[in-house]
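All values below were derived from every heavy atom in this structure, side-chain atoms included, with hydrogens, water molecules and symmetry-related copies excluded. Just so we're on the same page: letters track the sequence lines, and every chain starts at 1.
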Amino acid sequence: MEDLHKILNESQYEAVTTLQGPILVIAGAGSGKTRVIEYRSLNLITKGIHPSSILLLTFTRRASQEMITRASRHDPRCKDIDGGTFHSFAYRMLKRYSKAIGFKQDLIVLDESDSKEAIHRCANALNLYNKDKRFPKKDTLKTIISMSINKSSPISEIIKREYPHFTEYIEDIKRLAVAYGEYKIKRAYIDYDDMLIYLKAMLEDQGLRQAITRPYKYVMIDEYQDTNALQGAISILLAGKTGNIMVVGDDAQSIYGFRGANHKNIMDFPSFFENCKIIRLELNYRSYQRILDCANALLNTMDNKYQKCLHSVKDNIGVRPNLYFFKNTYEEAEWIADFIKDSLADGVPLHHHAVLCRSMYLTIPLQAELSKRNIPYETYGGIKFYETAHVKDILSYLKIKVNIHDEIAWHRILMLLEGIGTKTVERLTTYISEQSSIDNVIKVLASHSKNSKKAHSLNSLIKVLENAFQINKNDVGAIFDIFFEYYKPLMKNKYDDWHIRINDLETLRQVASRYKDLEDMLADFAIEPPERSVYAQEPETKDEDRPLCISTIHSSKGLEWDTVIIMGVIDGIIPISFCLDNEEEIEEEKRLLYVAITRAKKRLSLTLHHEGKRGGIMQFNKLSRFLTPPAVHSSLDVSLSNKEYDNKTFSQTQIPTCSSDLLKKIFEYYRN
DNA sequence: AAATATTACCGAGTG
DNA sequence: GGTAATATTT
Ligand SMILES: Nc1ncnc2c1ncn2[C@@H]1O[C@H](COP(=O)(O)OP(=O)(O)OP(=O)(O)O)[C@@H](O)[C@H]1O
């Protein structure tokens, strides 16, 4: 191994070489926190510790990938380190010990929309909608129930605090939460929150804790500020008696409050142990000072108690981040696409660029411009590929193949059939749930396809099921093909844009056929779903061919690029308009911008457009309030931009006079 | 009564 | 672009 002193500073060195006992590393962005984890793993392995006795956890998928790939670069043995997101780890344990817990059948993972569907069914079963049409919708119900779990606070609290207008339904919603819990246990359904709940419960059980923690001698957790109460408790339990746990984080980068993350977790960590070592890292190894000046200015406007200041070690101080104003989204998109093209010509490789945004829909015009210029890109975050209707449809067939009692999957499948609607589906799923084998299920379906026009569609479904159930569960590709061929015509009826969706499914097929086991595939799709890639990529793409990264700020956590463009720094986008009545949420938005700024190594540009539409009404977009304080604004360079419009000149430019009689002309046009 | 077509509404971020 | 309420057809 290289000489650690050469590649680490004093504080990092201390963190890397302290192998026993609890450690908290708390430090600003780009100060080499992940690097500490990277080299500490390496150090442990060099000392003869077996990689599989190291556990690396974090909250987001990308951060966890980053952690493991970085370490593996130095030593291939690091690939054997056990790690991933809290959820994926929890699922692995749950799967391993589900029999011990008392589940009779294999677990079925519910993704977010499945879970909403299940809640909806439970609400209907309790007649909550018949009583009162104004009962909250399934999305709201899911949010409330999930928030209560992730913040470890009672449903009544959540409703009083965040949904006071639903106070009258507190008792109903509590009943619903209980019913939903029972519903899941009965059917071996597991939603994302359950994974954490079960993991914590398993760790609180003597026997299971032994079994789970025994293999791990060293636990490290990155981005600890993003953990919620549940994950915090899990971390402490994993540390166990040895207390060999290192957590790493930055309270100024806490951006997952909406998922129940609480930066108190990181602050309180030392109090759980008698001998916790706290290490602070002061130097920033990532960015040029000019970029950090901007980040610091923003940091200074935060009302946080733990003052930090970022100092770059780079000799080159770089240039101030540029701020660019545009008239509308299209000009903004064109400019960004051209900027990237120019930057490429200057020799900066494509994958060293990133475009970051608050929400993905802001990048749609940009994606169009990039495609025009043949610039390949990959999007991270936003509407998930695997949650689009057509993907969920085809996955439902596969789910049935794994478990014929998955009623949520049956519901989807049957609803696709001509002449069959909610009522028939309810009847059918009830019968199906009573059957013990696929043959009997098929008989049920057949008995319903006697007379009516249901016959045709049901019969073709029956035929497909018969075929698919002959094939071995491990031949994922073949099973997929059978269902795909069957689904194609249904999809063409259902969607006008089926030709695009068919491409998605082709990609899906490719990914799916790499699996040896259908069940593994389905679990992976729920827990670590593949991102939609516009330009299909081989798994082993060379670095220089890697596409441009377009990412939400949330998903960019822990990553870095030479050149970063943050688009849409608009008041109402960041901070997002519907959080403006809540001080805490505004602070979180500010931290979000801070995270975005500190992703850039060498060059940073911020863009916004003035012309905005909200609900069909034109409005004037102003610069984000986070960038207007003089100290922050002066850390930016606006000299390269068009000048900022004010509302008045803008509306004047918007309504030019019309010099010909247009209406008359159009009237003529229609007459001929 | 049930299925299907139409309209009206709303928009985040993650696993 | 998707869902839920509402109108219309079968
Ligand atoms: N001692 C060092 N010498 C040289 N480069 C370093 C050193 N420490 C960190 N770096 C580099 O600085 C960059 C940022 O490090 P790293 O990603 O570990 O920071 P981080 O604290 O995890 O940041 P964030 O909080 O944004 O996730 C990386 O490119 C890393 O290689």
Student: To the nearest angstrom, how far is A:N582 atom CG from B:dA12 atom C1'?
Tutor: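 It is 15 Å, rounded to the nearest whole Å.
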Student: Could you check whether A:I553 gets within reach of a base, just the sugar-phosphate, or nothing at all, counting any heavy atom under 4.0 Å?
Tutor: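 If one applies the 4.0 Å heavy-atom cut-off, A:I553 turns out to touch nothing in the nucleic acid.
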Student: Starting at atom NZ of A:K494, determine the distance to atom P of C:dT3, rounded to an integer number of angstrom.
Tutor: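 Going from NZ in A:K494 over to P in C:dT3 covers 8 Å.
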Student: Tell me what A:D139 touches on the nucleic acid: a base, only sugar-phosphate, or nothing, going by heavy atoms under 4.0 Å.
Tutor: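 Result for A:D139 = nothing.
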Student: Exactly one of A:R358, A:R625, A:K622 should register a salt bridge (charged side-chain N to carboxylate O under 4.0 Å, His left out) with A:D571. Which one does?
Tutor: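 So, applying the salt bridge (charged side-chain N to carboxylate O under 4.0 Å, His left out) to A:D571 and each of A:R358, A:R625, A:K622, only A:R625 qualifies.
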Student: Distance check: side-chain N/O of A:K137 vs OP1/OP2 of C:dA5, anything under 4.0 Å?
Tutor: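 Yes, because at least one side-chain N or O of A:K137 sits under 4.0 Å from OP1 or OP2 of C:dA5.
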Student: Under 4.0 Å, counting only non-hydrogen atoms across every strand here, what does A:R591 touch: a base, just sugar-phosphate, or nothing?
Tutor: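 No contact.
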Student: Please tell me if A:R61 has a side-chain N or O lying less than 4.0 Å from either OP1 or OP2 of B:dG15.
Tutor: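 True: A:R61 side-chain N/O within range (under 4.0 Å) of B:dG15 OP1/OP2.
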Student: Among B:dA12, B:dT4, B:dT14, which nucleotide sits nearest the side chain of A:E418?
Tutor: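 So the nucleotide nearest the side chain must be B:dT4.
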Student: In whole Å, I'd like the distance from the CD atom of A:E528 to the P atom of B:dG15.
Tutor: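 Checked: the CD to P distance equals 9 Å.
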Student: From the list B:dG13, B:dA12, B:dG15, which nucleotide is the closest neighbour of the side chain of A:Y192?
Tutor: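 Closest nucleotide among those given: B:dG15.
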Student: Do the rings of A:F166 and A:Y169 sit parallel, tilted or perpendicular, given the 30° and 60° boundaries?
Tutor: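 Tilted, since the angle between the ring planes falls between 30° and 60°.
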Student: Let's see if you can work this out: which of B:dT14, B:dA12, B:dG15 has an atom nearest to the side-chain heavy atoms of A:S555?
Tutor: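 Side chain of A:S555 sits closest to B:dT14.
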Student: Nearest to the side chain of A:H554 - B:dT14, B:dA12, B:dG15?
Tutor: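 Shortest atom-to-atom distance from the side chain points to B:dT14.
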Student: Do A:D82 side-chain atoms and A:L55 backbone N/O form a donor-acceptor pair below 3.5 Å?
Tutor: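 Checking the backbone N and O of A:L55 against the side chain of A:D82, no donor-acceptor pair under 3.5 Å is found.
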Student: Check every atom of B:dT14, B:dG13, C:dG2 against the side chain of A:E588 and return the nucleotide holding the closest atom.
Tutor: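 That would be B:dG13.
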Student: If you count every heavy atom of other residues, nucleotides or ligands that lies below 6.0 Å from A:K423 atom NZ, does the total exceed 12?
Tutor: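 Incorrect, the count does not exceed 12.
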Student: Measure from CD on A:E112 to P on B:dG13 and round the result to the nearest Å.
Tutor: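 Going from CD in A:E112 over to P in B:dG13 covers 13 Å.
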Student: For A:L199 and B:dG15, what is the distance between atoms CG and C1' respectively, to the nearest whole Å?
Tutor: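 After rounding, the gap between these two atoms is 14 Å.
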Student: What is the distance, to the nearest angstrom, from the OH atom on A:Y380 to the P atom on B:dG13?
Tutor: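 The answer, rounded to whole Å, is 17 Å.
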Student: So if I take every side-chain heavy atom of A:M360 and compare against B:dG13, B:dG15, B:dA12, which nucleotide ends up nearest?
Tutor: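 Looking only at side-chain atoms, A:M360 lies closest to B:dG13.
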Student: If the plane angle is over 60° it's perpendicular, under 30° parallel, otherwise tilted; pick one for A:Y129 and A:H120.
Tutor: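 Answer is tilted, since the angle falls between 30° and 60°.
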Student: Could you check whether A:K557 gets within reach of a base, just the sugar-phosphate, or nothing at all, counting any heavy atom under 4.0 Å?
Tutor: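 Nothing, no heavy atom under 4.0 Å.
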Student: Taking the nucleotide of DNA chain B with the nearest heavy atom to each, does A:G257 or A:L417 sit closer to the 5' end?
Tutor: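 The residue whose closest nucleotide sits nearer the 5' end is A:L417.
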Student: Going by modelled atom types, is there a donor-acceptor pair between the base of B:dG15 and the side chain of A:D111 at under 3.5 Å?
Tutor: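 Counting by modelled atom types and ignoring angles, no donor-acceptor contact under 3.5 Å is found here.
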Student: OP1 or OP2 of B:dT14 sitting under 4.0 Å from any side-chain N/O of A:T552?
Tutor: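 Result: yes.
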Student: Whole angstrom is fine here: how far is it from CD1 in A:I570 over to C1' in B:dA12?
Tutor: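 Nearest whole value for this atom pair: 15 Å.
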Student: Measure up the A:Y198 and A:F103 rings against each other and bin them: parallel (under 30°), tilted (30 to 60°), perpendicular (over 60°).
Tutor: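 Rings of A:Y198 and A:F103: tilted, 30 to 60°.
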Student: For A:F59 and B:dG15, say yes or no: do the ring centres fall under 5.5 Å of each other while the ring planes differ by less than 30°?
Tutor: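 Here the ring of A:F59 and the base of B:dG15 are not stacked, as the 5.5 Å and 30° limits are not both satisfied.
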Student: By nearest atom, which of the nucleotides B:dG13, B:dT14, B:dA3 is closest to the A:T422 side chain?
Tutor: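 Selected nucleotide (nearest to the side chain): B:dA3.
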Student: Mind calculating the distance between OH (A:Y594) and C1' (B:dG13) to the nearest angstrom?
Tutor: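 About 19 Å, once rounded to whole Å.
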Student: From C:dA4, B:dT4, B:dG15, pick the nucleotide closest to the side chain of A:K138?
Tutor: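 Nearest nucleotide to the side chain: C:dA4.
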